[in-house]
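Residue indices begin at 1 and follow the sequence shown. Start at 1 and go down the list; that is how both ligands and their atoms are numbered.
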Amino acid sequence: MRRAVGSAVSLRGLLEFSNICSCDCYYCGIRKSAPSLAPESRFTLTEDEILRAAGQCRDAGFGSMTLQSGERTDEHFIRFVEGVLRRIKRETRTSALPRGLGITLCIGEQSREVYRRLYEAGAHRYLLRVETTREELFRRLHPPTQRLEARIKALEAIKESGYQLGTGVMIGIPGQTTDDLAGDIEFFREIDADMIGMGPYLESCGLPDEELASRRIVPETDRGERLTLSLRMIAAVRIALEDVNIAATTALQAISPTGREAGLSYGANVLMPIVTPGQRRSGYQLYRGKPCLDEESEACSSCTPARAARIGRPVTVNGWGDAPHAGVRSVSA
Ligand code: 5AD
């Protein structure tokens, strides 16, 4: 791993800027019809709130940020995101970061034209998890309107629009086998992913318990087993794909307080400190037991890099942190 990506850990401030979602993925706590989310808990941060978070990432030396939200394809939303991207690129330039923050977008399946527009507006990496490449499992986790085939088409469109491409899966989905996970890694290679974000499948807060059970999407293995499997999957991806970025995700920390550190030790090289304002965090609970819900963004901004330091890993300051795999397309700040 040191040979492929070095020992440094790259940081991206993770801003969960809206929990409004038009999808209904059964495992997800912000799905359109999640009973756990009251209508008044649905939010979209204002442009100024987003810019404030971006300024915080710049000042903390993260070099990059990830903008994540529920999926919306309406023109009003896309235009809003475009405007925000342009402002972030313009307003986060410093002598240490002459091209402004590096931006990863994570706003779901969009049309080819929209991917193109958002790329033009300044995002240069895009994250869209495939969740699982086994058709039967994908169908069990999603309503019939959501198709694995469409997800894969979207991933291809992202790549063709010029972005560095990120994808990933959940690990320990009921019924998922190690063969399935091996197939997922093959898929990452075929789609030519530059970044991988994966984490354990966690108990959902998106459906009442009886319905989770009847849909056969309650985890079948204990949390410790899912953590071990997730760490092994990180190691396997590092060995198989070598020079990609791999995130040590928040979900690892939902199982163990030092889950993200373990992720780094098994081969991950990216950490994403959450910079979502404290009062909005309870509204962005994707699964049960999500950590850092009570924290303010300043706390995560200092705590998360300290996790790398504690296990002896240096952090990159003021760099975009593109994966070497992105090769000639990679432009550093
Ligand atoms: N368990 C684990 N990960 C989840 N996500 C959503 N719900 C869950 C869950 N119950 C992940 C999905 C999605 C990402 C934003 O959060 O993989 O792509």
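Atom 2 (C) of ligand 1 has its nearest heavy-atom neighbour, among Pro200, Gly199, Gly168, in Pro200.
A salt bridge is absent between Asp179 and Arg134; no separation between the charged side-chain nitrogens and carboxylate oxygens falls under 4.0 Å.
If you check which protein heavy atom lies closest to atom 4 (C) of ligand 1, you get Met170 SD, 3.5 Å. Among protein heavy atoms, the minimum distance from atom 16 (O) of ligand 1 is reached at Leu286 CD1, 3.4 Å. Regarding atom 1 (N) of ligand 1, its nearest protein heavy-atom neighbour is Leu202 N, 2.9 Å. Taking atom 13 (C) of ligand 1 as the reference point, the nearest protein heavy-atom neighbour is Glu131 OE2, 3.4 Å. The closest protein non-hydrogen atom to atom 11 (C) of ligand 1 is Arg129 NH1, 3.7 Å.
Considering backbone and side-chain N/O of Tyr201, none are found under 3.5 Å from N/O of ligand 1.
Across every non-hydrogen atom of Glu16 and Thr276, the tightest pair is OE1-OG1, 2.6 Å.
Grouping the Ile, Leu, Val, Met, Phe, Trp and Tyr side chains by contacts below 4.5 angstrom, directly or via other members, places Leu37 with Leu202.
Between the Ser297 side chain and the Pro277 main chain, no donor and acceptor come within less than 3.5 Å of each other.
Between Thr104 and the choices Met65, His124, Met195, the side chain to side chain contact (heavy atoms under 4.5 Å, CB included) rule is met once, by Met195.
Ring geometry, Phe17 versus Phe80: the interplanar angle falls from 30° to 60°, so the pair is classed tilted.
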